[in-house]
Chemist: 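Okay, here's the structure, questions in a sec.
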Protein chains: 4
Amino acid sequence: MSPRSKAQFAALRDKSMAAIKSAALELFGQQGYHFTTVSQIAKAAGVSKGLLYNYYSGKEELLNAIIMDVVEMGEQFLDQLMTAALTPLERITAIVDGSIAMVQSDPHYWKLLTSLSLQINVLDEALTATLKNRQAAANARLATIFREMGYADPERETLHLEATMDGMMIHYLTQLEDYPIQAMRDYILQQYQRFQKPE
Amino acid sequence: MSPRSKAQFAALRDKSMAAIKSAALELFGQQGYHFTTVSQIAKAAGVSKGLLYNYYSGKEELLNAIIMDVVEMGEQFLDQLMTAALTPLERITAIVDGSIAMVQSDPHYWKLLTSLSLQINVLDEALTATLKNRQAAANARLATIFREMGYADPERETLHLEATMDGMMIHYLTQLEDYPIQAMRDYILQQYQRFQKPE
Amino acid sequence: MSPRSKAQFAALRDKSMAAIKSAALELFGQQGYHFTTVSQIAKAAGVSKGLLYNYYSGKEELLNAIIMDVVEMGEQFLDQLMTAALTPLERITAIVDGSIAMVQSDPHYWKLLTSLSLQINVLDEALTATLKNRQAAANARLATIFREMGYADPERETLHLEATMDGMMIHYLTQLEDYPIQAMRDYILQQYQRFQKPE
Amino acid sequence: MSPRSKAQFAALRDKSMAAIKSAALELFGQQGYHFTTVSQIAKAAGVSKGLLYNYYSGKEELLNAIIMDVVEMGEQFLDQLMTAALTPLERITAIVDGSIAMVQSDPHYWKLLTSLSLQINVLDEALTATLKNRQAAANARLATIFREMGYADPERETLHLEATMDGMMIHYLTQLEDYPIQAMRDYILQQYQRFQKPE
DNA sequence: CATGAATGAGGGTTCATTCAT
DNA sequence: AATGAATGAACCCTCATTCAT
């Protein structure tokens with residue numbers, strides 16, 4: 001019936017949406033959310049401003065879409081890791097190394113995310129709530145690893161690892177090659193390697 | 001009719017500048033840097049926009065001035081702490097507790113500062129460089145504490161403490177009363193309490 | 001596989017055009033002409049924007065088509081009334097009551113039409129001229145009623161009735177149930193009932 | 001204290017606000033509200049767009065301000081008329097003639113107002129409510145005239161006169177010199193001249 | 001006949017900054 | 001030292017319309 005099939009329309013749409021998201025991610029990461037204009041994004045994506053607004057209700061929704069994409073990528077990473085046949089220590093090592101790799105491969109973007117999470121009036125409440133829930137779920141999974149290792153308070157251990165990792169990350173993001181990230185990584189993992197399960 | 005003395009002018013000037021900085025700090029903290037307008041600051045400070053521009057070349061310089069104030073406050077705190085008659089462990093405890101107290105007393109403001117430090121194009125290069133130097137100096141002083149305690153690699157220990165502290169802070173700033181900051185504080189300090197100086 | 005007959009195509013076409021006009025009428029009436037978008041009309045009519053532009057050269061022509069429909073409905077009503085076997089007073093009563101009934105049955109729509117007739121740059125000149133002619137023709141028919149009744153100046157009487165009716169309508173449209181439209185109707189008709197044909 | 005006195009600032013401000021309102025009134029009247037852009041208004045007023053927004057929160061508030069100005073002019077006219085030493089018939093004559101003169105002197109503007117009162121989503125609720133109240137107050141004053149003349153139902157007579165007047169006005173506004181407004185005026189007043197106070 | 005992706009000119013609005021006094 | 005009126009560039013967003021298929 002249709003001159004273009006549904007699938008053709010969908011392909012067109014998906015392509016444009018992906019181009020827009022990709023351009024926005026790049027620019028938000030490089031310049032920051034507030035300093036990036038919708039015009040810049042449209043131009044970088046090779047589409048008109050109007051088309052951008054056909055697919056995203058505004059600059060903020062575009063940001064939300066990007067963040068959700070990344071959240072889901074992170075969860076898939078954690079899924080794979082938790083279902084793989086690994087010892088607890090190997091899992092932790094994979095998490096630490098995976099996190100470092102992610103941040104190293106796209107530091108601008110992680111600056112953006114961390115910064116946004118601390119800003120007021122930028123992320124809308126619905127998204128903030130979602131992120132909180134997802135974070136809690138991830139924490140619970142991490143805690144099972146420490147429980148398996150025999151830690152007395154796995155939840156506290158989870159929070160401690162996350163604090164150290166996130167702190168390390170913001171220092172790395174601020175200083176980049178001046179920060180001894182590999183040495184820090186080794187030092188963090190050392191503690192878990194030395195841990196002896198109490199009788 | 002008698003002209004005001006130079007001292008009187010200086011007093012007026014200092015009072016206005018302080019009012020401006022105070023108003024800006026308050027508003028930046030509550031609303032974020034980008035969502036705070038110069039007009040709002042001037043109105044809150046009880047001065048005209050024109051006067052604000054007499055004292056500060058713009059919104060950004062005002063931000064810089066505020067940040068430098070805080071940096072100096074932090075350094076004074078560290079000064080007092082390092083010259084007081086304390087054991088190394090007491091010093092570390094004071095640093096940890098002092099940091100937590102500061103963040104708890106004005107979380108909005110620390111959200112702002114942390115967020116800004118991760119944003120690009122907001123803080124100018126000169127200020128960024130200054131902050132880096134000051135941070136390095138503070139690190140060196142912290143390292144002396146760990147050296148005194150007998151740690152094998154005091155610099156690494158400093159970075160580790162800072163990472164854990166900063167990570168904890170951003171989690172606290174994001175979750176506030178949902179974050180068990182006291183328990184984390186105890187756990188962090190525990191490690192230093194248990195440390196045995198190698199023979 | 002057999003191609004559709006011309007009649008089938010025409011039926012499809014008429015159905016789509018009617019759906020579009022109906023949707024447009026509804027939306028223009030509810031939201032006003034300016035606040036209704038072509039996309040909304042197409043969606044409400046269940047057709048694509050492209051198809052809408054196949055049938056109507058744009059938003060304005062669609063409006064014109066709707067207005068012409070109503071003009072023709074009004075003329076048919078007048079036709080029936082003038083050819084029916086009625087006394088002059090019955091005719092006037094029917095006109096007054098018919099007008100009130102029409103406006104009461106769809107006040108949003110009549111708000112729209114009245115408002116449009118007063119706006120500049122919305123209705124194009126050709127349509128405005130047409131409306132003027134049709135109005136003049138209707139006036140002439142109305143005047144015959146008053147002439148039949150023996151009024152000295154039937155044209156003036158026509159203008160007077162129309163002014164009173166239209167004024168009453170805009171007050172009704174503005175105030176709706178707060179306006180005593182039935183009492184006004186009675187009062188208007190009373191004057192014609194009391195009129196005595198001069199010898 | 002101030003480099004410009006308060007009065008000087010106020011004069012500057014009032015001059016600009018008046019220029020803006022005057023330009024807006026002119027353009028709204030000529031082109032209609034929706035077809036007039038803020039840029040056009042600013043240019044016609046000889047000020048920047050920014051200044052316009054210093055004084056009016058937007059296009060709509062500017063419209064509201066203009067409407068309120070006119071409402072108050074109308075009320076002043078009615079005030080003068082009601083306090084002057086006139087017979088009831090002279091008062092009515094003055095109201096009719098005054099209304100016609102107002103509409104004749106600025107037809108575009110009255111087209112605008114009438115059209116707006118019938119449009120949805122244009123005038124905000126607060127203004128609509130205010131206009132309703134003012135209209136009711138004006139009606140009450142008009143009714144006192146008819147009461148004084150001895151009409152059995154002065155309120156109804158008021159509504160009737162207003163309907164006829166407003167209807168006549170929209171016909172005049174639509175047809176201008178083609179509409180026999182003086183003849184209509186005479187015919188309307190004739191009815192009141194002939195009225196005999198019942199015993 | 002029918003689709004909806006794509007356009008782009010132009011709209012209303014904001015706000016850091018300047019400047020005459 | 002101090003004011004606030006005035007600027008204008010740039011922003012986000014809308015929507016009637018076109019067009020390849």
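Residue numbers start from 1 in every chain, and the chains themselves are labelled A, B, ... in the order their sequence lines are given, proteins ahead of strands.
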Chemist: Expressed as a whole number of angstroms, how long is the span from C:Glu60:CD to F:dA16:P?
Modeler: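 Whole-Å distance recorded here is 12 Å.
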Chemist: In whole angstrom, what separates B:Tyr53's OH from F:dA1's P?
Modeler: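 The answer, rounded to whole Å, is 18 Å.
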Chemist: Pick the closest DNA chain E nucleotide for C:Arg13 and for C:Gly50 by heavy atoms, then say which residue is nearer the 5' end.
Modeler: C:Arg13
Chemist: Identify whether any heavy atom of B:Gly58 sits under 4.0 Å from a base atom; if not, whether one sits that close to sugar-phosphate; answer base, sugar-phosphate or nothing.
Modeler: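 Answer is sugar-phosphate: B:Gly58 comes under 4.0 Å of backbone atoms only.
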Chemist: Does NZ or CZ of D:Lys59 fall inside the cone over D:Phe28's six-membered ring, less than 6.0 Å from its centre and within 45° of the axis?
Modeler: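 That pair does not qualify as a cation-pi contact.
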Chemist: Which of these nucleotides, E:dG4, E:dT21, F:dT3, is closest to any side-chain atom of B:Val47?
Modeler: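 Nearest to the side-chain atoms of B:Val47, counting from C-beta on, is F:dT3.
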Chemist: What is the distance, to the nearest angstrom, from the CD atom on A:Glu61 to the C1' atom on F:dC12?
Modeler: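 One finds 15 Å between C1' of F:dC12 and CD of A:Glu61, rounded.
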Chemist: Pair D:Gln40, D:Thr36 - check side-chain hydrogen bond (donor to acceptor under 3.5 Å, both in side chains), show working.
Modeler: CA-CA 7 Å; D:Gln40 286 176 335; D:Thr36 301; 4.5 Å; no
Chemist: Starting from the C-alpha separation in whole Å, work towards a yes-or-no answer on side chain to side chain contact (heavy atoms under 4.5 Å, CB included) for D:Thr128 and C:Thr174.
Modeler: CA-CA 10 Å; D:Thr128 305; C:Thr174 310; over 6 Å; no
Chemist: Got a donor-acceptor contact below 3.5 angstrom from the D:Ser117 side chain to the D:Thr114 backbone?
Modeler: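 Yes: the side chain of D:Ser117 pairs with the backbone of D:Thr114.
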Chemist: Before giving the answer on side chain to side chain contact (heavy atoms under 4.5 Å, CB included), spell out for A:Asp69 and A:Leu25 the whole-Å C-alpha distance, their side-chain angles and the decisive distance to 0.1 Å.
Modeler: CA-CA 11 Å; A:Asp69 274 7; A:Leu25 171 53; over 6 Å; no
Chemist: For DNA chain E, which residues of residues 29-40 of chain B approach it to below 4.0 angstrom with any heavy atom?
Modeler: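 When residues 29-40 of chain B is checked for heavy atoms under 4.0 Å from DNA chain E, the hits, listed by number, are B:Thr36, B:Thr37, B:Val38.
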Chemist: Quick one: are A:Val122 and A:His34 in side-chain contact, heavy atoms under 4.5 Å?
Modeler: yes
Chemist: Round to a whole Å and report the spacing from NZ of A:Lys6 to C1' of E:dA2.
Modeler: 12 Å
Chemist: For C:Gly32 and D:Ile120, which heavy atoms make the closest approach, and how far apart are they?
Modeler: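 Answer, listing the atom of C:Gly32 first, then D:Ile120: N-CD1, 4.3 Å.
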Chemist: Which nucleotide, F:dA1, F:dA6, F:dA2, lies nearest any side-chain atom of B:Ser48?
Modeler: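 Between F:dA1, F:dA6, F:dA2, the one nearest the side chain of B:Ser48 would be F:dA2.
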Chemist: Apply side chain to side chain contact (heavy atoms under 4.5 Å, CB included) to residues B:Lys21 and B:Leu62 and explain how you reach the verdict.
Modeler: CA-CA 7 Å; B:Lys21 266 198 299 198; B:Leu62 186 47; 4.1 Å; yes
Chemist: Just to be sure I follow the notation: if a pair is Watson-Crick (purine N1 to pyrimidine N3 plus N6-O4 or O6-N4) or a G-U wobble (N1-O2 and O6-N3), each under 3.5 Å, what dot-bracket string does DNA chain E give, with | for pairs to another strand?
Modeler: .||||||||||||||||||||
Chemist: Round to the nearest Å and state the distance from D:Leu51 atom CG to E:dA20 atom C1'.
Modeler: 15 Å
Chemist: Apply the test side chain to side chain contact (heavy atoms under 4.5 Å, CB included) to residues C:Gln119 and D:Tyr33: give CA-CA distance (whole Å), side-chain angles for both, the deciding distance (0.1 Å), then the verdict.
Modeler: CA-CA 9 Å; C:Gln119 284 181 56; D:Tyr33 176 72; over 6 Å; no
Chemist: Quickly work out the B:Leu52 CG to E:dC19 C1' distance and round it to whole Å.
Modeler: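 After rounding, the reported distance stands at 16 Å.
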Chemist: For a quick check of understanding: with a heavy-atom distance under 4.0 Å over all strands, which category does A:Leu12 fall into, base, sugar-phosphate or nothing?
Modeler: sugar-phosphate
Chemist: Counting N and O atoms only, with roles assigned by atom type, does the side chain of A:Glu61 sit under 3.5 Å from a partner on the main chain of A:Gly58, one being a donor and the other an acceptor?
Modeler: no
Chemist: Using heavy atoms to find the nearest nucleotide of DNA chain F for C:Lys59 and D:Tyr55 separately, return the residue whose nucleotide is more 5′.
Modeler: D:Tyr55
Chemist: Is a donor-acceptor contact shorter than 3.5 angstrom present between the side chain of B:Lys49 and the base of E:dT17?
Modeler: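 Yes.
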Chemist: Within this structure, what is the CD-to-P distance between D:Gln8 and F:dA2, rounded to whole angstrom?
Modeler: 19 Å
Chemist: In this structure, how many angstroms lie between the P atom of F:dT17 and the CG atom of C:Asn54, rounded?
Modeler: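 Atom-to-atom, C:Asn54 to F:dT17, this comes out as 14 Å.
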